[in-house]
Amino acid sequence: MGAEVLEKGVVLKAQDGRLVVGVRRMVRGSFGRLTVRTTKLYVDDSRRMATAGDTVVVQFTRPVSSSKRWRLVEVTRKAESTAGEDHDA
């Protein structure tokens, strides 16, 4: 059986070789109310491909460190950056 692959995770924090990816899921409460829960995954990004705000695909793997159990497969959508734009209003 293959390893579990999660799509559409959003990078919450990007550090040196490590990402924190948030995966959202819907949970039904006791009175039928839907609540959004976010699961944090610690992802190994040794090639430093992703930045904060990117949408990524991650795959479950053997433990890389004490917290990292996932590895980055690909970046599906890059975050829109507004740092390089001129604001001459």
Looking only at heavy atoms, which two atoms of Ala52 and Ala79 are closest? And how far apart?
O-CB, 3.6 Å

Would Val64 end up clustered with Leu41 when hydrophobic side chains under 4.5 Å apart are linked, directly or stepwise?
no

Can you list, by chain and residue number, the hydrophobic cluster partners of Val73 when the side-chain cut-off is 4.5 Å?
Val5, Val57

side-chain contact (heavy atoms from CB on, under 4.5 Å) with Arg25: which residues, sequence neighbours excluded?
Val27, Arg37, Thr39

Could you state whether Val23 and Val10 fall into the same hydrophobic cluster, counting links through intermediate Ile, Leu, Val, Met, Phe, Trp or Tyr residues with side-chain heavy atoms under 4.5 angstrom apart?
no

So with a 6.0 Å cut-off around CD of Glu7, is the heavy-atom count from everything else above 12?
no

Please check if the side chain of Thr76 supplies one atom and the backbone of Thr55 the other of a donor-acceptor pair under 3.5 Å.
yes

Test side chain to side chain donor-acceptor pair (under 3.5 Å) applied to Arg48 - qualifying residues, sequence neighbours left out:
Asp16

Contacts of Asp54 meeting side chain to side chain donor-acceptor pair (under 3.5 Å) (sequence neighbours excluded), chain-then-number -> Thr51, Lys78

Residue list, side-chain contact (heavy atoms from CB on, under 4.5 Å) with Ser65, at least two apart or on another chain:
Ser67, Lys68

Could you give me the CA-CA distance, side-chain angles and deciding distance for Val36 and Met26, then say whether side chain to side chain contact (heavy atoms under 4.5 Å, CB included) is met?
CA-CA 5 Å; Val36 177; Met26 301 294 285; 3.5 Å; yes

Sequence neighbours excluded, which residues qualify as salt bridge (charged side-chain N to carboxylate O under 4.0 Å, His left out) partners of Lys40?
none

Set of side-chain contact (heavy atoms from CB on, under 4.5 Å) partners for Arg47, sequence neighbours left out
Met49

Among pairs that include at least one residue of residues 57-66, which meet salt bridge (charged side-chain N to carboxylate O under 4.0 Å, His left out), considering only residues two or more places apart or in two chains?
none

Measuring from atom CD of Glu4 to atom CD of Gln59, what distance do you get when rounded to the nearest 0.5 angstrom?
10.0 Å

List the residues meeting side-chain contact (heavy atoms from CB on, under 4.5 Å) with Arg69, not counting sequence neighbours, and say none if there are none.
Phe60, Pro63

Connected to Val20, directly or through other members, by ILVMFWY side-chain contacts below 4.5 Å are Leu12, Tyr42

Let me know which of Leu19, Val43, Asp44, Val11 forms a side-chain contact (heavy atoms from CB on, under 4.5 Å) with Val58.
Val43

